[in-house]
Amino acid sequence: MQDVVRGSELYKGKAKTVYATSDPRYLVMHYRDDVSAFDGAKLAKLDRKGETNNLINAYVMGRLAEAGVASHFVRVLNERESLVKAMKMLPVECVVRNVVAGSMAKRYGIAEGTKLAEPVFEFFLKSDALHDPLVNDDHIRILGWAGAGEIAEMKALTHKVNGVLKPMFAKAGIDLVDYKLEFGHPVDDPNGPIVLGDEFTPDGCRLWDAATGEKMDKDRFRRDLGSVIEHYREVGRRIGVPNM
Ligand code: UDP
């Protein structure tokens, strides 16, 4: 797709707006400066967040593509926008944890920072109204949110992503503690393999400086630690994102 003409607004999420294009197989993903936490209960605008996340996401999706993980990402269009394949998304979030933090620490009463012997995989149902409840394979399959094959594909792909990103961040002196991925089917291949959608940015993962333990992700916003985007850009510089 050479010349992209941005069409009407299709969906405005908490941090990104999605626009149609002249080709129904493609969408424009626009990264805004908005940041939200606690299912939208805490909102703010952070200067340069949109352009920062657009560039970090593009770089990470590129690294994943090199490693054979297909995603909806096509290419960066401008400072705040990327072209992506239009997708029918599965209504679940896939979380992988290398270190205990956040909701897992609270749920089981385990100290944040406890290392896990193997990555732990969790599914959550995408629903702000229900606060994204933890669900298991049976819930997903029997209630019809995804099929057994799709569940297996989501798990396999998420572990494959971990195998690429954990060492990538480790080389940059950063511990990849946990992160969330979302998958779907490209609209022009609804019965084909699932592909990675949404984004990979410091908004959807926990990144701790390996030497100091300093938080470099959205917990800086959630926990009022300040200099949020400065830390996002430091992550970008360390992993080699251009123009950080
Ligand atoms: N996460 C996300 N979106 C969500 C829920 C979680 O991006 O709707 C990310 C979150 O940033 C963290 C990981 O998934 O990196 C695990 O989140 P957790 O279950 O610990 O929930 P939290 O305490 O962050 O709400």
Side-chain angles (χ1 to χ4, degrees), residues 11-16 29 31-32 34-44 46 49-50 52-54 56-57 60-61 64 71 89-116 118-136 139-140 145 154-155 157-159 161-162 164-166 168-170 174-184 196-210 213-225 228-229 231-232 235 239:
Y11 173 73
K12 189 172 181 187
K14 284 174 288 208
K16 302 189 291 290
M29 201 164 252
Y31 289 80
R32 306 195 313 275
D34 298 294
V35 59
S36 80
F38 312 119
D39 300 321
K42 178 171 175 171
L43 299 169
L46 297 172
K49 175 170 181 285
T52 301
N53 276 1
N54 188 33
I56 293 175
N57 178 66
V60 173
M61 292 296 171
L64 291 173
S71 81
M89 298 299 290
L90 296 164
V92 292
E93 300 186 340
C94 301
V95 167
V96 168
R97 303 178 185 275
N98 295 304
V99 178
V100 177
S103 73
M104 181 178 177
K106 276 206 202 90
R107 190 183 324 122
Y108 304 124
I110 303 169
E112 278 210 319
T114 304
K115 290 227 159 63
L116 293 160
E118 287 175 54
V120 167
F121 181 96
E122 294 173 343
F123 278 123
F124 294 88
L125 179 66
K126 259 181 90 73
S127 167
D128 277 348
L130 299 175
H131 305 293
D132 294 352
L134 184 76
V135 291
N136 69 22
H139 297 133
I140 294 173
W145 296 315
M154 284 191 276
K155 287 186 185 177
L157 280 170
T158 303
H159 283 293
V161 168
N162 204 45
V164 178
L165 297 189
K166 195 175 168 231
M168 181 188 90
F169 282 108
I174 297 170
D175 288 333
L176 177 57
V177 170
D178 59 27
Y179 54 93
K180 184 259 299 179
L181 301 177
E182 296 181 30
F183 295 93
L196 180 61
D198 193 47
E199 65 175 59
F200 188 99
T201 68
D203 271 3
C205 60
R206 289 194 168 90
L207 302 166
W208 295 351
D209 184 293
E214 186 176 38
K215 296 183 197 313
M216 307 182 78
D217 55 70
K218 200 165 84 175
D219 272 347
R220 298 203 69 82
F221 172 69
R222 291 192 190 94
R223 303 181 191 190
D224 295 319
L225 299 174
V228 180
I229 298 310
H231 282 82
Y232 282 26
V235 168
I239 61 174

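Just follow the structure's listing: the first ligand is 1, and inside any ligand the first atom is 1.
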Hey, which atoms in ligand 1 end up nearer than 4.0 Å to a heavy atom of Gly102?
20 (O), 23 (O)

shortest atom 4 (C) of ligand 1-to-protein heavy-atom contact is with Glu93 OE1, 3.4 Å

Exercise check, heavy-atom protein proximity under 4.0 Å to atom 25 (O) of ligand 1
no

Do NZ/NE/NH1/NH2 and the carboxylate oxygens of Asp175 and Lys166 come within less than 4.0 Å?
no

For atom 11 (O) of ligand 1, which protein heavy atom lies nearest, and how many Å away is it?
Arg222 NH2, 2.9 Å

Closest by any non-hydrogen atom to atom 1 (N) of ligand 1: pick that one out of Glu182, Lys180, Lys14.
Lys180

Which residue is it: Asp128, Asp39, Asp34, Asp203? I am looking for the one with a side-chain hydrogen bond (donor to acceptor under 3.5 Å, both in side chains) to Lys14.
Asp128

To the nearest 0.1 Å, how far is atom 19 (O) of ligand 1 from its closest protein heavy atom, and which atom is that?
Ser103 OG, 2.6 Å

Just checking, any donor-acceptor pair under 3.5 angstrom between side chains of Asp217 and Tyr232?
no

Measure Arg97 to ligand 1 on non-hydrogen atoms and call it side chain, backbone, both or neither using the 4.0 Å cut-off.
side chain

Min heavy-atom dist Lys218 to ligand 1 below 4.0 Å:
no

With atoms numbered from 1 as shown, which atoms in ligand 1 lie under 4.0 angstrom from a non-hydrogen atom of Asp132?
8 (O)

Take every heavy atom of Lys106, measure it against each atom of ligand 1, and state whether any distance is under 4.0 Å.
no

Neighbour count >12 (heavy atoms, 6.0 Å) for atom NZ, Lys42:
yes

Quick one: does Glu122 get an N or O within less than 3.5 Å of an N or O on ligand 1?
no

Report, in ascending order of atom number, the atoms of ligand 1 lying under 4.0 Å from any heavy atom of Cys205.
11 (O), 15 (O)

Do Ser103 and Arg97 meet the criterion of a side-chain donor-acceptor pair at a distance under 3.5 Å?
yes

Polar side chain donor-acceptor pair, His159 to Asn162, under 3.5 angstrom:
no

Just do the salt bridge (Lys or Arg N to Asp or Glu O under 4.0 Å) check on Arg107 and Glu122 with the steps written out, would you?
CA-CA 13 Å; Arg107 190 183 324 122; Glu122 294 173 343; 3.0 Å; yes

Please determine whether the number of non-hydrogen atoms from other residues, nucleotides or ligands lying under 6.0 Å from atom OH of Tyr11 exceeds 12.
no

Between Leu176 and Asn98, what is the shortest heavy-atom contact and its length?
O-ND2, 2.9 Å

What protein heavy atom sits nearest atom 17 (O) of ligand 1, and how far away is it?
Arg206 NH1, 3.7 Å

Please list the nearest protein heavy atom to atom 12 (C) of ligand 1 with its residue and the distance rounded to 0.1 Å.
Asp178 OD1, 3.2 Å

